[in-house]
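Comments concern the structure below.
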Amino acid sequence: MSRICELTGKGRQIGHNVSHANNKTKRVFLPNLQNVTLLSDGLERSFKFRVSTHGLRSVEHNGGLDNWLLKTSDTKLSPRAVKVKRELAKKAAVAA
């Protein structure tokens, strides 16, 4: 399973371990991913996502899953999140 946030697209980063003697060796920085269940108010159901803690804070800051999905571009979202976003848009179009 890849270590990529399903809502923000945040993935692994490459860097160096630097010793006291300034020797540099490659290392990987992994995002802090959590399995969470987020509730969609518009669809009135919950969805399970693998989200970074940074992404989870961003979702809460934007007012929930629905607002986050509508504001975020499809390129950052996982295929499952894009599917949920399309369901939201479809439901909003029917309601309008």
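Within the hydrophobic cluster formed by Ile, Leu, Val, Met, Phe, Trp and Tyr side chains joined at under 4.5 Å, directly or through other members, Ile14 is accompanied by Val28, Leu30. Other members of a hydrophobic cluster containing Val18 are absent, since no ILVMFWY side chain comes under 4.5 Å of it, directly or through relayed contacts.
Of all non-hydrogen atoms in Ser52 and Cys5, the two that sit nearest each other are N-SG, 3.3 Å. Summarising the geometry of Thr37 relative to Ser46, their closest heavy-atom pair is CG2-CB, 3.5 Å, with the distance given to 0.1 Å. The minimum heavy-atom distance between Pro31 and Arg3, with the atom names listed, is CG-O, 3.6 Å.
In this structure, Leu69 CG and Leu7 CG are separated by 6.5 Å, a value rounded to the nearest 0.5 Å. Within the model, atoms NE2 of His16 and CG of Asn22 stand 10.5 Å from one another, a figure rounded to the nearest 0.5 Å.
For Lys26, there are no side chain to side chain donor-acceptor pair (under 3.5 Å) partners at least two apart in sequence or on another chain. Considering only residues two or more places apart in sequence or on other chains, Arg27 meets the side chain to side chain contact (heavy atoms under 4.5 Å, CB included) condition with Asn17, Phe29. Remark: Leu43 pairs with Ser40, Arg45, Phe47, Val84, Glu87, Leu88, Lys91 by the side chain to side chain contact (heavy atoms under 4.5 Å, CB included) rule, at least two apart or across chains. Under the rule for a side chain to side chain contact (heavy atoms under 4.5 Å, CB included), the partners of Asn32 that lie at least two apart in sequence or sit in another chain are Gln34, Thr53. With sequence neighbours excluded, no residue satisfies side chain to side chain contact (heavy atoms under 4.5 Å, CB included) with Ala93. Qualifying side chain to side chain donor-acceptor pair (under 3.5 Å) partners for Thr75, counting only residues two or more places apart in sequence or in other chains: Ser73. Applying the side chain to side chain donor-acceptor pair (under 3.5 Å) criterion to Asp74, with sequence neighbours excluded, gives Lys85. Evaluation of the side chain to side chain donor-acceptor pair (under 3.5 Å) rule for Ser78 yields Glu6 as partners, not counting sequence neighbours.
Linking ILVMFWY side-chain heavy atoms closer than 4.5 Å, directly or via other members, places Val82 and Val51 in a single hydrophobic cluster.
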Donor-acceptor pairs under 3.5 angstrom involving side-chain atoms of residues 54-65: please list them, not counting sequence neighbours.
| residue | atom | partner | partner atom | Å |
| --- | --- | --- | --- | --- |
| Ser58 | OG | His54 | O | 3.0 |
| Asn62 | OD1 | Lys71 | NZ | 3.4 |
| Asn62 | ND2 | Ser58 | O | 2.9 |

